[in-house]
Amino acid sequence: MPATPRVFIVRHGETEWSLSGRHTSTSDIPLTANGERRVRATGKALVGHDRLIVPRKLAHIYVSPRKRAQRTFELLNLHPQNPLPWPQRGTPCPATEPNDSLACPAEVQVTDVIREWDYGEYEGLTSAAIRKGRAEAGIEGWWDIWKDGCPGGESPEQVTERLDALVNEIREKWHRPAFEDPSKNGDVLIVAHGHILRAFAMRWGGRGLDEGLTFLMEAGGVGTLSYEHHNIKEPALLLGGAFVVDLKDEEDEVYTNAQKN
């Protein structure tokens, strides 16, 4: 059976604000030194011809306009064929394996569609501070971003609308062609932020943001979304099989080496 196309979602690495639990949307907070190290290690572990993310199989890459997301993409150490659509955000990563195994034909697109949830008046605040402020203002009930949104920022309905547009674009522009023609690349990579990627995963599965189905994603974390039964009408979260080697690639490599010898 031909490979089922996937979406890899990557949350940016650790920042001082993510470390302290402060909500960060429009503020451009850089990665910590530890955050950079951990993302670089993730790239070494997950990116390569026999890893979870195979660069040559990527059809498209979406990256948030925030610098912390762009630096995270740099640290994953893919090698796009075209120049990045932003100035280098930090020291280039040294090559960890032959460049041809990391070469990536996919276009890198910076888009507001995958920017973080706009926290409005809650920018820079922790959840505890938000709930305390609401209680002091006489607002009853337990604040839940998935149901209440953020004053001066985005509501769950607004977030749902922009993410549904992205889900539809990915399925129609990148995944449907890969289902119809197995020779086409179909995998998509998204590098963005915690809340928006968790919301994206819920909408990928057709779940409402207020349904209480909450996914967690640590800074620098990677998730995989795909389909069941090789069917574009059955979106699913891929919970296993992340490091299964493509046997066809292995067989081709063995055959090529045998011919050489």
Side-chain angles (χ1 to χ4, degrees), residues 7 9-32 35 61-73 85-86 89 108-137 139-170 188-221 223 225:
V7 178
I9 55 175
V10 181
R11 183 183 174 188
H12 67 75
E14 175 192 276
T15 69
E16 291 293 346
W17 280 23
S18 71
L19 194 58
S20 61
R22 297 170 69 181
H23 287 71
T24 321
S25 55
T26 55
S27 301
D28 233 343
I29 310 299
L31 303 187
T32 63
I61 299 167
Y62 297 93
V63 182
S64 160
R66 301 285 85 83
K67 294 177 182 177
R68 58 191 181 276
Q70 295 169 4
R71 180 56 178 159
T72 295
F73 175 80
W86 62 77
R89 300 301 182 193
V108 180
Q109 176 187 356
V110 175
T111 175
D112 272 333
V113 176
I114 203 63
R115 70 187 187 280
E116 180 58 297
W117 193 312
D118 188 339
Y119 298 128
E121 296 175 17
Y122 296 159
E123 179 78 3
L125 301 180
T126 64
S127 293
I130 292 169
R131 294 184 175 118
K132 179 181 178 181
R134 287 169 66 93
E136 291 173 348
I139 302 174
E140 297 182 356
W142 182 262
W143 175 71
D144 182 348
I145 191 172
W146 308 107
K147 298 177 181 179
D148 303 318
C150 304
E154 285 184 294
S155 67
E157 293 76 20
Q158 289 172 314
V159 169
T160 295
E161 182 177 0
R162 68 174 163 106
L163 290 181
D164 282 358
L166 180 61
V167 168
N168 183 67
E169 176 174 300
I170 289 172
V188 170
L189 175 67
I190 300 175
V191 184
H193 313 269
H195 268 122
I196 207 64
L197 289 176
R198 291 159 65 189
F200 179 84
M202 285 188 271
R203 294 308 300 153
W204 181 264
R207 303 293 183 179
L209 302 191
D210 62 349
E211 289 187 34
L213 180 64
T214 303
F215 301 114
L216 296 178
M217 228 185 158
E218 295 185 354
L225 310 176

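Computed from a prediction, not measured in an experiment: that's the story for all the values here.
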OG on Ser25 to CZ on Arg66, rounded to 0.5 Å: 8.0 Å

Test applied, side-chain contact (heavy atoms from CB on, under 4.5 Å); reference residue, Val63; option that passes from Val10, Val108, Ile190, Thr111: Val108

Heavy-atom neighbours of Gln109 CD exceed 12 at 6.0 Å: yes

Contacts of Asp144 that satisfy salt bridge (charged side-chain N to carboxylate O under 4.0 Å, His left out) - sequence neighbours left out: none

From CZ (Arg11) to CG (Leu197), nearest 0.5 Å: 8.5 Å

Closest contact, heavy atoms only, Pro85 versus Val110: CG-CG2, 3.7 Å

Short side-chain to backbone donor-acceptor contact, Arg203 and Thr160, under 3.5 Å: no

Interatomic spacing from CD1 in Ile196 to CD1 in Ile9 - rounded to 0.5 Å: 11.0 Å

Distance-only polar pair, side chains of Thr24 and Glu116, donor-acceptor under 3.5 Å: no

Flag for Arg134-Tyr122: side-chain donor and acceptor within less than 3.5 Å: yes

Evaluation steps, side-chain contact (heavy atoms from CB on, under 4.5 Å), between Trp86 and Lys67: CA-CA 9 Å; Trp86 62 77; Lys67 294 177 182 177; over 6 Å; no

Output field: ring centroids His193/Trp117 closer than 6.0 Å: no

